[in-house]
Amino acid sequence: MARYGVLGDIHGNREALEAVLRALDERGVRQFLCVGDVVGYNADPDECVELLRGRRVATIAGNHDLISQRRLDFSRCSTIAEYALRRTRRTLGSDAAAWLAGLPDHVFPEPHVVLVHGGVRDVQLYMVTPALVAENAKFLAEDHPGARICFFGHSHEQRVYEVNGDAVTEVPTDGQVLLRKENTYFINPGSVDASRKNRHKFAECALFDSAFGTIEFLSVRYDAAATEAKAAAFGYRISPLTDRLYKLRRRTASAARRLAARRPAAADRGR
Ligand SMILES: [Fe+2]
Ligand SMILES: [Fe+2]
């Protein structure tokens, strides 16, 4: 039983990560969990890895971490993400790369608590509807019996979904949320990195007290202009022309795949 700072979707944003760690330090938090996507989009992947390692943050692999290590391809990420991840691959130091390569898919900080990145069985799933949460609650019961608090990331929004039998209810994230022992919860601590958000530029995280079964959400100001300037200066932002070229390349590749898939069937018919 402990008080945990829960973070995720840091995406190489050092300013935002330092801001949430400061906020959690001020509240006396000493243990940290991370639901993945340490790198991608922004210019400080090595520094973010170093900050997490320095605090022994229990971290799982997000899809951006896996792509940075060539354990996943670019087919399910945006061209903006692909461009930044190609840059990340070129700049990442060997220590940080080795650490990212060794990240597990799941972590159990306590027997009833599990971290996943997207969905329980799909690292790239956006778990954003009650129907998807209900399906993942079934996967959770099958794959990780005993786990009833599932922290997830990937969708970059602070959320609490309460599951009671087949019913899924979204719980407001303002104020302290009390987690009832009889229910299952899917909780997104929000995104440390806000560079992809237009609505606001706050670094987000959550404070989870496993002894009292409470969760509290934090939003912290950080120097978003500095992050953006660095990302642009160090080649992490795709230009409109390159974006068009990436999209054209993807369309060509997918047309070639469709054609190749049709060929064996046509050959069979010809026999
Ligand atoms: Fe992410
Ligand atoms: Fe992700």
Side-chain angles (χ1 to χ4, degrees), residues 5-27 29 32-57 59 61-65 67-69 77-97 99-100 103 117 153-158 173 188-207 216-243 246:
V6 190
L7 23 135
D9 294 285
I10 297 159
H11 288 298
N13 187 332
R14 177 188 182 166
E15 292 74 22
L17 178 57
E18 286 175 339
V20 295
L21 290 174
R22 259 194 313 274
L24 291 165
D25 283 345
E26 282 165 12
R27 288 163 178 259
V29 175
F32 301 91
L33 310 171
C34 175
V35 293
D37 275 0
V38 178
V39 303
Y41 293 128
N42 297 293
D44 287 324
D46 289 277
E47 292 77 0
C48 290
V49 166
E50 208 41 53
L51 281 166
L52 297 187
R53 290 178 80 179
R55 288 170 182 256
R56 300 179 187 279
V57 178
T59 305
N63 58 314
H64 284 237
D65 309 317
I67 293 169
S68 80
Q69 297 310 300
C77 73
S78 69
T79 49
I80 294 167
E82 178 181 348
Y83 187 84
L85 280 163
R86 287 186 187 278
R87 184 77 188 135
T88 304
R89 281 178 177 178
R90 291 197 297 275
T91 57
L92 201 59
S94 55
D95 276 3
W99 184 80
L100 288 166
L103 292 179
H117 181 65
H154 192 56
S155 45
H156 292 198
E157 299 289 344
Q158 293 179 323
T173 55
N188 190 326
S191 177
V192 170
D193 172 44
S195 67
R196 303 278 299 123
K197 295 188 179 183
N198 298 320
R199 200 162 30 88
H200 67 71
K201 296 290 181 193
F202 292 116
E204 298 171 332
C205 66
L207 207 170
E216 187 185 338
F217 292 88
L218 278 62
S219 294
V220 187
R221 274 193 197 286
Y222 73 96
D223 192 347
T227 306
E228 198 54 39
K230 233 186 317 179
F234 289 97
Y236 287 80
R237 293 290 176 264
I238 193 168
S239 71
L241 177 63
T242 310
D243 193 39
Y246 270 44

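It should be emphasised that the depicted structure is a prediction, and the values quoted were computed from it without experimental measurement. Numbers here simply count residues along the sequence, with the first being 1.
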Within a strict 4.5 Å, meaning less than it, do heavy atoms of the [X] and [Y] side chains meet?
X: I80; Y: Y41; answer: yes
X: E157; Y: K197; answer: yes
X: R22; Y: V220; answer: no
X: L7; Y: P189; answer: no
X: Q69; Y: L92; answer: yes
X: T227; Y: K201; answer: no

Side-chain donor-acceptor contact under 3.5 Å, Y236 with T91: yes

S195 vs N13, side chain to side chain donor-acceptor pair (under 3.5 Å): CA-CA, chis, key distance, verdict: CA-CA 8 Å; S195 67; N13 187 332; 5.3 Å; no

Working for side chain to side chain contact (heavy atoms under 4.5 Å, CB included), residues R87 and R237: CA-CA 9 Å; R87 184 77 188 135; R237 293 290 176 264; over 6 Å; no

Do you know which two heavy atoms are closest between [X] and [Y], and how far apart they sit?
X: N188; Y: F217; result: O-CE2, 3.3 Å
X: D46; Y: G93; result: OD1-N, 2.8 Å
X: H64; Y: A81; result: CE1-CB, 3.7 Å
X: G235; Y: Y83; result: O-CE2, 3.4 Å
X: L24; Y: G5; result: CD1-CA, 3.9 Å
X: C34; Y: V38; result: SG-CG2, 4.3 Å

side-chain contact (heavy atoms from CB on, under 4.5 Å) partner of I10, chosen from V39, V192, V49, D193: V192

CZ/R53: more than 12 non-hydrogen atoms of other groups inside 6.0 Å: yes

For the [atom1] atom of [X] and the [atom2] atom of [Y], what is their distance to the nearest 0.5 Å?
X: Q158; Y: S191; atom1: CD; atom2: OG; value: 9.5 Å
X: L17; Y: L51; atom1: CG; atom2: CG; value: 5.0 Å
X: Y222; Y: R14; atom1: OH; atom2: CZ; value: 14.5 Å
X: E15; Y: C48; atom1: CD; atom2: SG; value: 8.0 Å
X: I67; Y: L100; atom1: CD1; atom2: CG; value: 12.5 Å
X: L52; Y: L33; atom1: CG; atom2: CG; value: 11.5 Å

From CA spacing to verdict: side chain to side chain contact (heavy atoms under 4.5 Å, CB included), S219, H200: CA-CA 10 Å; S219 294; H200 67 71; 5.7 Å; no

Side-chain donor/acceptor of D44 to backbone N/O of G12, under 3.5 Å: no

Heavy-atom donor-acceptor pair, D9 side chain to G190 backbone, under 3.5 Å: no

Derivation and outcome, side chain to side chain donor-acceptor pair (under 3.5 Å), residues N42 and H11: CA-CA 6 Å; N42 297 293; H11 288 298; over 6 Å; no

Ion pair D223/K230, N-O distance below 4.0 Å: no

